[in-house]
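Questions regarding the structure given below will be posed in turn.
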Amino acid sequence: MRFYYAPMEGITLYPLRNIHRQIMGDGVDKYFTPFLTATNNHHFKNREKKDVLPDKNIAFDDYGNQVVPQLMAGNAADFLWAAGEIKKLGYEEVNLNLGCPAPTVVNRHKGAGLLQDPEYLKQMLDEIFEEAAKDSFPQISLKTRLGFSDDKEADALMNIYAAYPVKELTIHARVREDYYSGSPRYDAYKRAVEVYRKSGGKADICYNGNVDSVKSFEKIKDLPCDSVMIGRGLLTDPALVRCLRGGEALKPKELRDYLGALYEGYAQYIPEDRNVIFKMLEHWAFLHVHFKDCDKYLKAIRKSRSKGEYHAAVNNIFAGCEFIGSAY
Ligand SMILES: Cc1cc2nc3c(=O)[nH]c(=O)nc-3n(C[C@H](O)[C@H](O)[C@H](O)COP(=O)(O)O)c2cc1C
């Protein structure tokens with residue numbers, strides 16, 4: 001089984017990807033970047049471009065090529081331009097976002113918005129894959145949901161996807177209207193993969209949705225998939241993939257090193273203590289589960305305004321709370 005780190009906007013940027021790899025080892029087979037917007041003026045935002053520059057991604061020839069840039073595009077021309085730029089940087093694979101549920105994205109006919117209009121989606125993929133058949137184009141993977149408002153829509157979508165030489169098809173086992181909550185639709189996922197195979201789809205299939213512990217992994221073990229993509233579970237337990245591979249649970253020293261390295265990584269990325277702390281709080285929103293009865297310590301972390309205050313508050317949570325390892 002292969003394991004992937006899911007794309008998460010504003011979070012799975014190069015500081016996190018590099019540091020996760022350096023501290024937690026090489027168990028994650030691919031890291032997906034948050035989406036880069038393929039704009040119609042054919043220009044990436046500076047911060048988006050920076051995130052995929054080879055010199056920002058450690059050991060680019062080795063690990064760097066396990067980074068998969070994701071693109072958000074509403075038409076074939078914009079996607080093709082952006083994928084070409086990604087290829088020039090040396091990447092072998094790009095991923096098309098067909099799942100973002102945000103109203104601002106959906107209303108622009110992008111992300112999960114494309115699932116609402118299968119006819120248009122098919123036309124867009126026809127144009128993309130016709131061009132992609134030419135040499136020197138990166139392989140294209142797709143990340144989709146089971147539908148927009150009803151998982152029965154998956155049949156038509158899987159029929160469409162099956163017609164193209166997709167590198168890998170990631171299916172988030174929800175529809176757009178579920179956003180990220182509620183139980184994943186395991187049965188509908190299984191059925192979708194069956195329909196995809198019956199329609200002649202050959203791509204490897206990646207399962208995504210709520211794998212956040214060894215126990216939750218058990219729930220999906222019988223589902224058809226070649227790989228599993230994990231988002232929030234890895235933010236909560238950075239050692240989760242190691243555990244799923246039968247390795248050791250997260251250790252406090254390791255978490256400290258990870259947090260320390262992340263702080264320094266963000267400090268180079270956004271040079272303002274307050275903003276770095278703000279980024280770290282996004283991680284603490286997930287990581288606090290490793291500390292028993294930690295409310296007052298967490299509050300102090302949240303209230304810190306300088307690097308000194310922040311590190312003192314972090315020292316206190318490690319010293320004052322019982323450490324709870326991985327969520328088995
Ligand atoms: C804060 C946040 C940002 C996300 N950003 C992206 C994104 O840029 N591209 C994408 O395809 N999915 C994005 N997702 C969805 C995740 O990749 C993943 O599909 C979702 O979190 C479900 O997986 P999980 O249960 O393992 O977290 C995001 C999810 C969250 C919570």
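Order of appearance sets the numbers: ligands from 1, and atoms from 1 within every ligand. Note that the coordinates shown come from a computational prediction; the quantities given were computed from them, not determined experimentally.
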Original post:
Which residue owns the protein heavy atom closest to atom 21 (O) of ligand 1, what's the atom, and how far is it?
Top reply: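 I find the closest protein heavy atom is R232 NE, 3.8 Å.
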**OP:** Give the numbers and elements of all ligand 1 atoms closer than 4.0 Å to a heavy atom of G209.
**Re:**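 Contacts of ligand 1 toward G209, numbered from 1: 25 (O).
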Original post:
Among protein heavy atoms, which sits nearest to atom 3 (C) of ligand 1, and what does the distance come to when rounded to 0.1 Å?
Top reply: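 The protein heavy atom lying closest is E9 N, 3.2 Å.
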Original post:
How does F32 reach ligand 1, if at all, at less than 4.0 Å between non-hydrogen atoms: by side chain, backbone, both, or neither?
Top reply: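 Contact part for F32 vs ligand 1: neither.
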Original post:
ligand 1 versus N210, non-hydrogen atoms closer than 4.0 Å: side chain, backbone, both, neither?
Top reply: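 Both backbone and side chain of N210 come within 4.0 Å of ligand 1.
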**OP:** Check F286, W284, Y297 against F291 for a ring-ring contact (aromatic ring centres under 6.0 Å, His included) and give me the one that passes.
**Re:**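 One option only clears the test, and that one is W284.
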Original post:
So among L287, D212, V289, which one has a side chain to side chain contact (heavy atoms under 4.5 Å, CB included) with T236?
Top reply: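 Going through the options one by one, the only one that passes is V289.
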**OP:** Before signing off on this row, confirm whether R174 and ligand 1 have an N or O atom pair separated by under 3.5 Å.
**Re:**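 No, there is no polar N/O contact under 3.5 Å.
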**OP:** Classify the ring geometry between H283 and Y258 as parallel (under 30°), tilted (30 to 60°) or perpendicular (over 60°).
**Re:**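 Judged by the thresholds at 30° and 60°, the geometry between H283 and Y258 is perpendicular.
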Subject >> Stepwise side-chain hydrogen bond (donor to acceptor under 3.5 Å, both in side chains) test for Y207 and D226 >> reply: CA-CA 8 Å; Y207 170 86; D226 304 281; over 6 Å; no
Original post:
Hey, are N95 and S141 close enough side-chain-wise for a donor-acceptor pair under 3.5 Å?
Top reply: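 The criterion, which ignores hydrogens and geometry beyond distance, is satisfied for N95 and S141.
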Subject >> Minimum heavy-atom distance L157-G147, with the two atoms named >> reply: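 So the minimum-distance heavy-atom pair works out to CD1-CA, 3.9 Å.
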Subject >> Y5 and its side chain to side chain contact (heavy atoms under 4.5 Å, CB included) partner, picked from I230, L235, V67 >> reply: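 Single pass found, and it is L235.
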Subject >> side chain to side chain contact (heavy atoms under 4.5 Å, CB included) partner of I171, the single match among L98, L146, L142 >> reply: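 Exactly one option meets the side chain to side chain contact (heavy atoms under 4.5 Å, CB included) with I171, and it is L146.
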Original post:
Parallel, tilted or perpendicular for Y4 and F32, by the 30°/60° rule?
Top reply: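 The rings of Y4 and F32 sit tilted, inter-plane angle from 30° to 60°.
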Subject >> atom 7 (C) of ligand 1 [closest protein heavy-atom partner, distance rounded to 0.1 Å] >> reply: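 For atom 7 (C) of ligand 1, the nearest protein heavy atom is P7 O, 3.6 Å.
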Original post:
E264 and K307: salt bridge (charged side-chain N to carboxylate O under 4.0 Å, His left out), yes or no, with the steps?
Top reply: CA-CA 10 Å; E264 293 310 317; K307 183 175 177 179; 3.2 Å; yes
**OP:** Give the residue and atom name of whichever protein heavy atom lies nearest to atom 28 (C) of ligand 1, and the separation in Å to one decimal.
**Re:**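 Checking every protein heavy atom, the shortest distance to atom 28 (C) of ligand 1 gives Y180 OH, 3.4 Å.
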**OP:** Heavy-atom contacts with A6 under 4.0 Å: which atoms of ligand 1 show up? List them by number with element.
**Re:**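 Near A6, the atoms of ligand 1 are 17 (O).
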Original post:
Considering only the protein, which heavy-atom contact is closest to atom 22 (C) of ligand 1, and what is its distance?
Top reply: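 Result: N208 OD1, 3.5 Å.
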Original post:
With respect to atom 8 (O) of ligand 1, which of Y5, F286, F35 exhibits the smallest heavy-atom separation?
Top reply: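 Among Y5, F286, F35, the closest heavy atom to atom 8 (O) of ligand 1 belongs to F35.
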Subject >> ligand 1 atoms in contact with N97 (distance to a heavy atom under 4.0 Å) >> reply: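 What qualifies from ligand 1 is 9 (N), 10 (C), 11 (O).
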Subject >> Which residue and heavy atom of the protein sit nearest atom 9 (N) of ligand 1, plus the separation >> reply: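 Among all protein heavy atoms, the one nearest atom 9 (N) of ligand 1 is Q70 OE1, 2.8 Å.
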**OP:** Could you check atom 1 (C) of ligand 1 against the protein and tell me its nearest heavy-atom contact, residue, atom and distance included?
**Re:**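 Protein heavy atom with the smallest distance to atom 1 (C) of ligand 1: I11 CD1, 4.0 Å.
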**OP:** Would you mind running through ligand 1 and noting each atom that sits below 4.0 Å from a heavy atom of I230?
**Re:**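 With I230 as reference, the close atoms of ligand 1 come out as 26 (O).
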Original post:
Using the ring of each side chain (for Trp, its six-membered ring), is H311 parallel, tilted or perpendicular to Y263, with breaks at 30° and 60°?
Top reply: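 If you compare the ring of H311 with that of Y263, the planes turn out tilted.
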Original post:
Do any N/O atoms on G231 end up under 3.5 angstrom from N/O atoms on ligand 1?
Top reply: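 Yes.
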**OP:** Give the single entry among K143, H172, M8, R145 that approaches atom 12 (N) of ligand 1 most closely by any heavy atom.
**Re:**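 Of the listed residues, K143 has the closest heavy atom.
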